[in-house]
Amino acid sequence: MFPSVVFKSGNNGPAVLGAAEGGPSDPSGLGPLGGQTLPRLDIWTMDRDLSDDDSVVDLSFEAESPLAPPAELLETLPSCDWVLQGDRHQIFFPPSETAGRPQEQRCWSSFLEHRVPVVTEEVAREALLSFVNSKCCYGSAAASDLVILELKQQNLCRYRLETFSESRISEWTFQPFTNHSVDGPQRGTSPRLWDIKVQVPPMFQEDTRRFQVPHSSLVKECHKCHGRGRYKCSGCHGAGTARCSSCSGAKRKAKSARRCQMCSGSGRRRCSTCSGRGNKTCATCKGEKKLLHFIQLVIAWKNSLFEFVSEHQLDFPGELLAKARGETLFKDENTTVYPIVDFPLREISLASRRGISEHSAALASRARVLQQRQTLELIPLTEVRYWYQGKTDVYYIYGTDRQVYLVDYPERYCCGCTII
């Protein structure tokens, strides 16, 4: 029902607070990690020996969980970094970063030297034949016999910006307390949000991890069962038996004088919900009677993407251009990238500036940018106009791998294919 943090230890354990496997060891000594043995703390809530009479409680009107974390949990946290909202989590602003490297002057003269091989009639026909042969319901005669009337070739540019960022969110949570060591405020002050060091995943690979904040634990009596560990069964209301479903409690079958065989004529059967015990183990504390409250740090690494393809005058779907293979003209990867300027196609320069501005505005108040990467690719697109059996039509060849797109192929039939 509620998330819990699994602690791991060992020489090759996670970085601070149980990060993903493979991370470095914790050099700062924060929290009970790295195989350290911590002394057991005395806590103010103690188990009570309960009789059968006072060991159950009716939970018909009890809330599933408290609306706010215990006040003691917040008093020991540093400044306003850990103030939680009513929805049990809070987004934190990252620390300001220093200015990155200065913008470099680029020369785009080499751009003019990049040329994709010209698509000839022979190349256009071979691409169509390859496409037709991959379709079980297309005949190859039309592709071989059609007359190519015109080839209209354009070289498009695709700009792509990727921004890899890290955001941190705190969540108040709890789990059953099983009498293990408690890393509470007695062990020191909890570190600030962005002071907690963790192992960062490979750049541009999204991931989400959860860690327990050091010195933020607090043991409290379970709010659900009030420290009893169990509660009255809702199926039998603590009686251990329920009305027989076969005879509806009448002890005999309807329209019959025969005694009900299911309940042996008693009218009641053992409660199937609690197996006749009259009470159930508390699902919140798992019968442990106490809960360990703590602050959980959730770190999300996200890769934001901005794409733009230069305009063209052909009737070709734009979604295919986003997936088309291109020739890389330029690639820039750094902590901060700068807009492309003085590019021969002005729309690319404007798109670069807009993409960087949008990512900066979207992430500045809620995440820290770790790395940016911008690429510029050349995508060939050719419109092929052809004539076949008195009709003219077009198909398109796109991408460096010469994929084909056409709407209406003249030799198309049903060959009894079975969809598997």
Q.
Has Asn303 got a side-chain atom pairing as donor or acceptor with Glu206's backbone, closer than 3.5 angstrom?
A. no
Q | Lys/Arg-Asp/Glu bridge criterion (N-O < 4.0 Å) met for Arg368, Glu166 | A | yes
**Q.** Heavy-atom side-chain proximity of Lys280 to Cys274 below 4.5 angstrom
**A.** yes
Q) Does the side chain of Glu319 come within less than 4.5 Å of Leu321's, by heavy atoms? A) no
**Q.** Gly399 versus Ala324, closest heavy-atom pair with distance
**A.** CA-CB, 4.4 Å
(Q) For Asp401, is the CG atom crowded, meaning more than 12 foreign heavy atoms sit under 6.0 Å from it? (A) yes
Q. Is a side-chain N or O of Gln186 found less than 3.5 angstrom from the main chain of His215, in a donor-acceptor match?
A. no
Q. If we only count heavy atoms from C-beta on, is the Leu305 to Leu161 side-chain gap below 4.5 Å?
A. no
Q.
Within the 3.5 Å criterion, strictly below it, is a donor on Gln296 or Gln212 matched to an acceptor on the partner's side chain?
A. no
Q. Considering residues at least two apart in sequence or located in another chain, which fulfil the side chain to side chain donor-acceptor pair (under 3.5 Å) criterion with Glu307?
A. Arg160
**Q.** Minimal non-hydrogen separation, Phe308 against Glu347, with atom names
**A.** CZ-OE1, 3.7 Å
Q: Indicate yes or no for a side-chain donor-acceptor contact from Ser130 to the backbone of Ala127 under 3.5 Å, with no hydrogens or angles considered.
A: no
Q: Measure the shortest side-chain to side-chain distance between Pro214 and Ser190 over non-hydrogen atoms and say whether it is less than 4.5 angstrom.
A: no
**Q.** Side-chain touch Thr382/Tyr398, heavy atoms, less than 4.5 angstrom
**A.** no
Q) Between Leu406 and Tyr396, does a side-chain contact (heavy atoms from CB on, under 4.5 Å) hold up when you go through it step by step? A) CA-CA 6 Å; Leu406 76 166; Tyr396 297 91; over 6 Å; no
Q | Main-chain N/O of Ser349 paired with Arg353 side-chain donor or acceptor, under 3.5 Å | A | no
Q | Geometric class of the Phe204/Phe164 ring pair [parallel <30°, tilted 30-60°, perpendicular >60°] | A | tilted
Q: Would you give the length of the straight line joining atom CD1 of Ile299 to atom CD of Gln199, rounded to the nearest 0.5 angstrom?
A: 11.5 Å
(Q) Using only atom types and a distance under 3.5 Å, with no angle test, would you say the side chain of Arg125 pairs donor to acceptor with the backbone of Ala143? (A) yes
Q | Between OG on residue Ser352 and CZ on residue Phe343, distance to nearest 0.5 Å | A | 10.0 Å
Q.
I'd like to know whether Tyr138 forms a side-chain contact (heavy atoms from CB on, under 4.5 Å) with Asn133, so could you lay out the CA-CA distance, the side-chain angles of the two residues, the decisive distance to 0.1 Å, and finally the verdict.
A. CA-CA 7 Å; Tyr138 286 13; Asn133 290 333; over 6 Å; no
Q) Looking only at heavy atoms, which two atoms of Ala322 and Arg158 are closest? And how far apart? A) O-NH1, 3.1 Å
Q) Is a side-chain donor or acceptor of Arg168 paired with a backbone partner of Leu193 at a separation under 3.5 angstrom? A) yes
**Q.** Derivation and outcome, side-chain contact (heavy atoms from CB on, under 4.5 Å), residues Asp393 and Asp408
**A.** CA-CA 8 Å; Asp393 209 337; Asp408 187 17; 4.1 Å; yes
Q | Any donor-acceptor N/O pair, Tyr159 side chain to Ser310 backbone, under 3.5 Å | A | no
**Q.** Given Thr328, Leu329, Leu156, the one that forms side-chain contact (heavy atoms from CB on, under 4.5 Å) with Leu378
**A.** Leu329
Q. Does some side-chain heavy atom of Pro380 sit less than 4.5 Å from a side-chain heavy atom of Thr400?
A. yes
Q: Drop me the distance from Arg228's CZ to Lys289's NZ, to the nearest 0.5 angstrom.
A: 10.5 Å
**Q.** Closest non-hydrogen atom pair between Lys286 and Thr281, with its separation
**A.** C-CG2, 3.6 Å
Q | Student check: side-chain heavy atoms of Val132 and Tyr409 closer than 4.5 Å | A | yes
Q: Kindly say whether Pro191 contributes a backbone atom to a donor-acceptor pair with the side chain of Asp195 at under 3.5 angstrom?
A: no
**Q.** Distance, nearest 0.5 Å, that separates CD of Glu288 from CG of Leu291
**A.** 10.0 Å
(Q) For Arg209 and Trp301: C-alpha separation, side-chain torsions, deciding distance, then whether side-chain contact (heavy atoms from CB on, under 4.5 Å) applies. (A) CA-CA 9 Å; Arg209 300 176 192 169; Trp301 290 275; 3.8 Å; yes
**Q.** Heavy-atom pair of closest approach, residues Val337 and Ile356
**A.** O-CD1, 3.8 Å
(Q) Just so I know, are the side chains of Thr284 and Phe174 near enough to count as touching, which here means a heavy-atom distance under 4.5 Å? (A) yes
**Q.** Gln372 side chain to Thr163 side chain, donor-acceptor N/O pair below 3.5 angstrom
**A.** yes
Q. Where does the angle between the aromatic ring planes of His312 and Phe316 fall among parallel (under 30°), tilted (30 to 60°) and perpendicular (over 60°)?
A. perpendicular
(Q) To check you understand the geometry: which heavy-atom pair defines the closest contact between Leu376 and Cys157, and what is its length? (A) CD1-CB, 4.3 Å
Q | Value rounded to 0.5 Å, distance of NZ in Lys331 from CD in Gln374 | A | 12.0 Å
Q. Out of curiosity, Lys224 NZ to Cys282 SG, how far, rounded to the nearest 0.5 Å?
A. 7.5 Å
